[in-house]
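Bear in mind that the values here come from a model prediction, so they are computed numbers and not experimental data. Each chain gets a letter, A, B and so on, in the order its sequence line appears, and its residues count up from 1. The analysis underlying the following values was restricted to heavy atoms, covering all of them including side chains, and did not include hydrogens, waters or symmetry mates.
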Amino acid sequence: DGGITQSPKYLFRKEGQNVTLSCEQNLNHDAMYWYRQDPGQGLRLIYYSQIVNDFQKGDIAEGYSVSREKKESFPLTVTSAQKNPTAFYLCASSIFRQPQDTQYFGPGTRLTVL
Amino acid sequence: AQKVTQAQTEISVVEKEDVTLDCVYETRDTTYYLFWYKQPPSGELVFLIRRNSFDEQNEISGRYSWNFQKSTSSFNFTITASQVVDSAVYFCALSEAYSGGSNYKLTFGKGTLLTVNP
């Protein structure tokens, strides 16, 4: 089955630690995205990638980093510079990065800073 | 700047009632796309529908229907004969074309929490 997988489902981090969230897709999509969701809020874009070896900052990129070495994979690192990292993180992909292209989402990773 | 407003933060209904979720958007572009997603308690966003700005036909899919009205900048979502499994957060989203090519943005509303009670 084609889809998007994210791991882990739950992640706990101590303050000062970097953590990496995994996102893999087998939909053969060019574009991939990372969003952050806080309680009662819509989704906010952290980073996106149109193609392998390319990525761009979204609205709230500070304290996060990404890489896109393979078409299928778009990992997100939450660094210690991120002041308030506790949130639900969603990865998405679309066939291309065009306004009409539907974004499909993974199951999410819930990050808690202890 | 584009904006999506879902004024209903929470709605609670009894099973088999019909319910309408409101979505009002703002955009300066003439070409844009509207989406609805469902987020069940598991957390994953499930795509429901995409509508182009130049297609104002209403759409029905089983118990779901969507009413798109450009005159009022609204794209409302109705669930007929609601069921407990419809309980979820529903998001409306807007993306604009011709706003910088690949620099377009998908803007989400804050969502409406629908609770369907048995």
- Task: Taking the side chain as every heavy atom from C-beta outward, state whether Phe91(B) and Gln37(A) have any pair of such atoms under 4.5 Å apart.
- Result: yes
- So does Lys110(B) have more than 12 non-hydrogen atoms from other groups sitting under 6.0 Å from NZ? no
- Task: Check whether Phe96(A) gets within reach of chain B through its side chain, its backbone, both or neither, counting any heavy atom under 4.5 Å.
- Result: neither
- Answer yes if Val89(B) and Val13(B) sit in the same cluster of Ile, Leu, Val, Met, Phe, Trp and Tyr residues linked by side chain heavy atoms under 4.5 Å apart, and no otherwise. no
- Query: Quick one: does Gln39(B)'s side chain get under 4.5 Å of Phe88(A)'s, heavy atoms only?
  - Reply: yes
- Message: Less than 4.5 Å to any heavy atom of chain B: does that hold for the side chain of Leu45(A), its backbone, both, or neither?
- Response: neither
- Item | Transitive ILVMFWY side-chain link Leu27(A) to Trp34(A), under 4.5 Å | no
- Counting heavy atoms not belonging to Ile60(B), are there more than 12 under 6.0 Å from its CD1? no
- Query: NZ of Lys70(B): more than 12 outside heavy atoms within 6.0 angstrom?
  - Reply: yes
- Item | Verify same cluster id: Leu76(A), Leu11(A) (apolar side-chain graph, 4.5 Å) | yes
- Can you measure from CD (Gln100(A)) to CD (Glu96(B)) and round to the nearest 0.5 angstrom? 13.5 Å
- For residues Phe47(B) and Phe105(A), establish whether the separation of their ring centroids is below 6.0 Å. no
- Is a side-chain donor or acceptor of Arg50(B) paired with a backbone partner of Thr102(A) at a separation under 3.5 angstrom? no
- Nearest heavy atoms of Pro99(A) and Ser95(B), plus distance in Å: O-OG, 2.6 Å
- Query: Does a sphere of radius 6.0 Å around CZ in Phe54(B) hold more than 12 heavy atoms from other residues, nucleotides or ligands, not counting ones at 6.0 Å or beyond?
  - Reply: yes
- Query: Within a strict 4.5 Å, meaning less than it, do heavy atoms of the Tyr37(B) and Gln103(A) side chains meet?
  - Reply: yes
- Report yes if the side chains of Lys105(B) and Asp59(A) come closer than 4.5 Å at any heavy-atom pair, otherwise no. yes
- Item | Glu56(B) atom CD, neighbour heavy-atom count above 12 within 6.0 Å | yes
- Message: Return the OH to CG distance between Tyr48(A) and Leu106(B), rounded to the nearest 0.5 Å.
- Response: 12.5 Å
